[in-house]
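A short worksheet on the structure shown next.
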Amino acid sequence: MDILDNLNPEQREGVETTEGPVLLIAGAGSGKTRVLTHRIAHLIGTQKAKPWQILAITFTNKAAKEMKERVSDLVYGSEDMWISTFHAACVRILRREAKHLGYDNNFNIYDTSDKLKVIKDCAKELDIDTKKITPRSIASAISNAKNQLLSAKDYQGSNLYEKQIEKIYKMYDRRVKANNAMDFDDLIFETVRLFRLNPDILERYQQQFKYIMVDEYQDTNHSQYLLVNFLAKGHKNICVVGDDDQSIYLFRGADVANILDFEKDYPDAKVIKLERNYRSTQCILSVANEVIKHNEGRKGKNLWTENCAGEKPVFFHGTDHIDEIQFIADEITKEQAKGRKLSDFTILIRANALTRSIEDILLKRDIPYQIFAGTEFFNRKEIKDVMAYLSIISNPADDLSLTRIINVPRRGIGNKTVERLAAVADEKNKTLFEVLKEDADGIVSRGKDKIKQLVMLIENLQEMSQYLNVTDLLDETVNRSGYRNMLQSDKTDEAKIRLENIEELFTVTKEFDNTHGGNLDEFLQQNSLASDTDESEREDSVKIMTLHSAKGLEFPVVFIAGFEERLFPHIRSMEDPKELQEERRLCYVGITRAKEKLYITAAQSRALYGRVERNKVSRFLEEVPKNLIEDKSIKKYSMDNLYSQSGPQRANVNSFKMPQKQNIDMAYKVGMLVEHKKFGQGIITEIKSLGEDQKITINFEKVGSKALMASFAPLTVVEG
DNA sequence: GCAATAACATTTTTT
DNA sequence: ATGTTATTGC
């Protein structure tokens with residue numbers, strides 16, 4: 001079969017226009033990955049490029065992996081191509097060229113929590129109150145600076161707040177560099193710096209990458225933009241793919257202007273629009289289009305499909321979050337009975353905080369699920385501890401890792417001692433490990449021997465790392481350090497789980513040893529960039545993930561849960577119109593993930609952050625004409641309840657379908673004992689006819705006398 | 001130096 | 001609700 005078969009005319013154009021700059025505007029589900037993979041295959045097939053001359057940048061590890069797989073289905077040589085994320089590509093370059101920047105080539109990569117830890121330390125030392133300026137905000141300020149390629153040296157704070165940031169940024173940067181480490185932003189920043197400082201190196205890469213492709217171009221930030229443009233200057237064969245309606249990473253410095261201005265950057269760019277959607281039914285697409293219509297400043301697209309109309313998306317408004325999730329569970333069970341697999345279902349949420357309540361219900365219902373969230377596994381304490389051991393073995397300059405494990409398991413080297421040692425390290429401009437080795441005798445009185453033992457342990461392990469694979473080294477590490485012992489002698493359930501997690505880590509190292517040859521540095525590198533969505537999917541379970549991590553994916557049945565104001569749009573995004581538009585794009589992304597069925601659910605009240613919240617239904621639902629959505633909510637609450645908490649907006653949403661009259665045929669009698677959902681039990685004291693309806697007065701035990709409309713009150717007869 | 005306890009703040013999204 | 005930090009008493 002020819003590579004150009006089975007492509008529509010626009011896709012084909014995207015594949016065949018290999019020379020010069022190309023801007024591919026690709027709507028959701030329009031087959032852009034198909035274009036990219038076929039384009040790569042075409043380049044190889046027509047011998048326009050050798051595999052290693054191809055650089056294809058994706059946004060997530062998962063996307064990179066998928067692209068590699070799909071390319072290797074089409075042509076040979078995919079393993080020699082540079083198909084990876086920005087960060088992974090940069091790491092690959094930096095490992096090779098680190099010495100030009102003053103790093104050792106086995107530098108560590110600090111993740112978010114490492115970064116926060118260093119920032120906290122710096123703030124403490126600089127006497128900056130982290131209650132006024134949170135480490136988080138400092139971290140994001142530093143991130144922003146780096147994304148704008150503003151170095152610590154060049155950073156000039158103009159007001160008091162920025163001056164504080166400046167101080168911390170400078171100290172932070174010194175520390176991280178001294179530890180022979182880089183944070184995520186450094187990976188891009190330092191690569192750009194490398195190219196600026198060494199034109200010869202840049203030229204080498206410019207020559208190498210004959211064809212460059214960037215996926216999700218709308219989510220690139222300034223430093224990434226610059227990096228791509230540096231590299232593309234050689235052959236100018238750059239193809240960027242994106243969709244301005246799916247830009248959802250503004251918060252981490254993405255600049256939509258990058259895609260909007262591509263034609264300015266490359267006046268001879270060929271622009272190709274992919275507007276035909278192959279993924280979703282017409283019913284789903286219509287809803288998506290209606291929502292995104294409300295955004296301004298779009299490049300404008302007309303997404304269409306020849307797919308069948310399909311079923312109307314369903315809305316369900318639960319009384320509380322339990323009700324909401326139970327509806328989801330019910331639907332899953334029903335659909336399952338019709339022959340769907342559990343893996344066909346995905347529950348999308350705005351924030352990870354919602355996973356808990358979903359888990360609770362699915363667990364009770366015995367519905368297997370899989371959560372794709374955060375950097376969970378590698379963020380667990382025991383995993384971080386053990387990884388810190390491996391890290392200090394690989395990179396003795398990594399003070400952060402050493403501090404982490406210096407007293408884990410407890411070996412009598414307490415806070416005070418560590419502080420003293422760290423101060424000396426600072427003073428003598430040595431690494432902590434060097435101080436431990438060379439100066440500890442003079443500083444520490446009681447823990448001397450313990451420190452010697454620790455140094456010996458680390459040095460021994462370092463030597464072993466020369467000839468052991470990662471699995472065996474890990475085994476030696478947990479045994480000799482006493483870490484395994486510590487957990488084994490602890491009989492709590494918690495310790496048991498920790499041990500299990502460490503066993504799980506062994507599975508990871510074994511897998512790595514088998515496929516990658518067992519080099520420690522490489523292992524650490526790989527896992528410092530590994531995260532969330534990299535977990536392999538299980539066939540037999542429902543997926544739960546955030547809307548962000550669902551980007552680029554598709555599922556037969558999608559539930560978007562927690563469709564409420566303050567949750568979605570998120571409360572922190574409601575003020576700023578820009579952020580609100582981003583929320584709307586996020587919603588668009590969510591809706592367009594669904595191939596066959598879409599459910600949107602919300603709850604009238606939910607327990608969140610230790611509080612009970614009552615939120616209106618999301619404005620995004622109101623932006624969709626009622627006739628496009630089927631409201632399956634069962635209205636159990638009285639009209640009083642519906643309207644009193646919600647105001648006019650909510651009333652509007654609920655009028656999708658008026659509540660069914662439930663109790664009109666019920667024969668109430670004075671003296672009956674009835675139970676009300678909310679007010680508890682009470683005795684009917686009076687009944688009045690009002691047209692078709694009845695007005696019943698009930699004397700409740702707890703709340704006293706109330707007059708309710710029979711048709712809407714959630715009443716059950718207890719006695720009488 | 002360490003563990004237990006109390007007080008406290010913090011809630012988004014990801015490489 | 002949860003996780004982190006500060007304090008306290010041993």
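Order of the sequence lines sets the chain letters (A, B, ...), proteins ahead of strands, with each chain counted from 1. Below, each value reflects all heavy atoms present in this structure, side chains not excepted, and no hydrogens, waters or symmetry copies.
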Tell me what Thr112(A) touches on the nucleic acid: a base, only sugar-phosphate, or nothing, going by heavy atoms under 4.0 Å. base
Quick note, salt bridge (charged side-chain N to carboxylate O under 4.0 Å, His left out) partners involving residues 569-582 of chain A, not counting sequence neighbours, are Glu582(A)-Arg585(A)
In whole Å, I'd like the distance from the CG atom of Asp215(A) to the C1' atom of dT14(B). 16 Å
Looking at dT15(B), I'd like to know if its phosphate oxygens (OP1 or OP2) sit under 4.0 Å from a side-chain N or O belonging to Asn61(A). no
Taking the side chain of Thr134(A) as its heavy atoms from C-beta onward, which of dT13(B), dT10(B), dG1(B) lies nearest to it? dT10(B)
Quick one: closest heavy-atom pair of Asn501(A) and Ile383(A), and the distance? O-CD1, 3.5 Å
Passing candidate, salt bridge (charged side-chain N to carboxylate O under 4.0 Å, His left out) with Asp186(A), options Arg193(A), Lys177(A), Lys146(A): Lys146(A)
Letter by letter from the 5' end, nucleotides 5-10 of chain C scores (B base, S sugar-phosphate only, - none; protein heavy atoms under 4.0 Å) S-----
Taking atom types as modelled, find out whether Glu324(A) and Thr601(A) have a side-chain donor-acceptor pair closer than 3.5 angstrom. yes
For nucleotides 1-3 of chain C, tabulate all protein N/O to nucleotide N/O atom pairs closer than 3.5 Å, reporting atom names and distance.
| residue | atom | partner | partner atom | Å |
| --- | --- | --- | --- | --- |
| dT2(C) | OP1 | Arg356(A) | NH1 | 3.3 |

Rounded distance [0.5 Å steps], CZ in Phe230(A) versus CD1 in Ile212(A): 12.5 Å
Should we say atom CZ of Arg484(A) is surrounded by more than 12 heavy atoms from elsewhere, each under 6.0 Å from it? yes
Just grab all the salt bridge (charged side-chain N to carboxylate O under 4.0 Å, His left out) pairs involving residues 351-362 of chain A, residues at least two apart or on different chains. none
ring-ring contact (aromatic ring centres under 6.0 Å, His included) partners of Phe86(A), counting only residues at least two apart: none
Apply salt bridge (charged side-chain N to carboxylate O under 4.0 Å, His left out) to Asp399(A) and list each qualifying residue two or more places apart in sequence or on a separate chain. none
For Thr60(A) and dT14(B), is the shortest distance between a side-chain N/O and OP1 or OP2 below 4.0 Å? no
Looking just at side-chain N and O atoms, do Thr319(A) and Gln604(A) make a donor-acceptor pair shorter than 3.5 Å? no
Atom CZ of Phe568(A) to atom P of dT12(B): distance rounded to whole Å? 16 Å
Whole angstrom is fine here: how far is it from CD1 in Ile371(A) over to C1' in dT14(B)? 17 Å
Under-3.5 Å N/O pairs linking protein and nucleotides 2-6 of chain B:
| residue | atom | partner | partner atom | Å |
| --- | --- | --- | --- | --- |
| dC2(B) | OP2 | Asn407(A) | ND2 | 3.3 |
| dA3(B) | OP1 | Arg410(A) | NE | 3.3 |
| dA3(B) | OP2 | Arg410(A) | NE | 2.5 |
| dA3(B) | OP2 | Arg410(A) | NH2 | 3.0 |

Please enumerate all residues that pass ring-ring contact (aromatic ring centres under 6.0 Å, His included) together with His570(A), with sequence neighbours excluded. none
For atom CZ of Arg585(A) and atom C1' of dT13(B), their distance in whole Å: 13 Å
Would you kindly give the CD-to-C1' distance between Glu216(A) and dT15(B), to the nearest whole Å? 13 Å
Contacts of Asn221(A) that satisfy side chain to side chain donor-acceptor pair (under 3.5 Å) - sequence neighbours left out: Ser223(A)
What residues form a ring-ring contact (aromatic ring centres under 6.0 Å, His included) with His294(A), not counting sequence neighbours? none
What integer distance in Å separates Leu580(A):CG from dT12(B):P? 18 Å
Nearest-nucleotide wise, let me know which of Thr417(A) and Leu586(A) is further upstream toward the 5' end of DNA chain B. Thr417(A)
Within the modelled atom types, does a donor on one side and an acceptor on the other bring the side chain of Arg252(A) and the base of dT15(B) under 3.5 Å apart? no
Separation of atom CG in Asp111(A) from atom C1' in dT15(B), rounded to whole Å: 11 Å
Can you sort out the partners of Phe559(A) under ring-ring contact (aromatic ring centres under 6.0 Å, His included), two or more places apart, ordered by chain and number? Tyr599(A)
Can you say whether the rings of Phe195(A) and Tyr205(A) are parallel (under 30°), tilted (30 to 60°) or perpendicular (over 60°)? tilted
Nearest whole angstrom, please: distance from the P of dT15(B) to the CD1 of Ile57(A). 15 Å
Say we look at dT13(B) and dT4(C): how far apart would their P atoms be, to the nearest angstrom? 15 Å
For DNA chain B, which residues of residues 84-95 of chain A approach it to below 4.0 angstrom with any heavy atom? Thr85(A), His87(A)
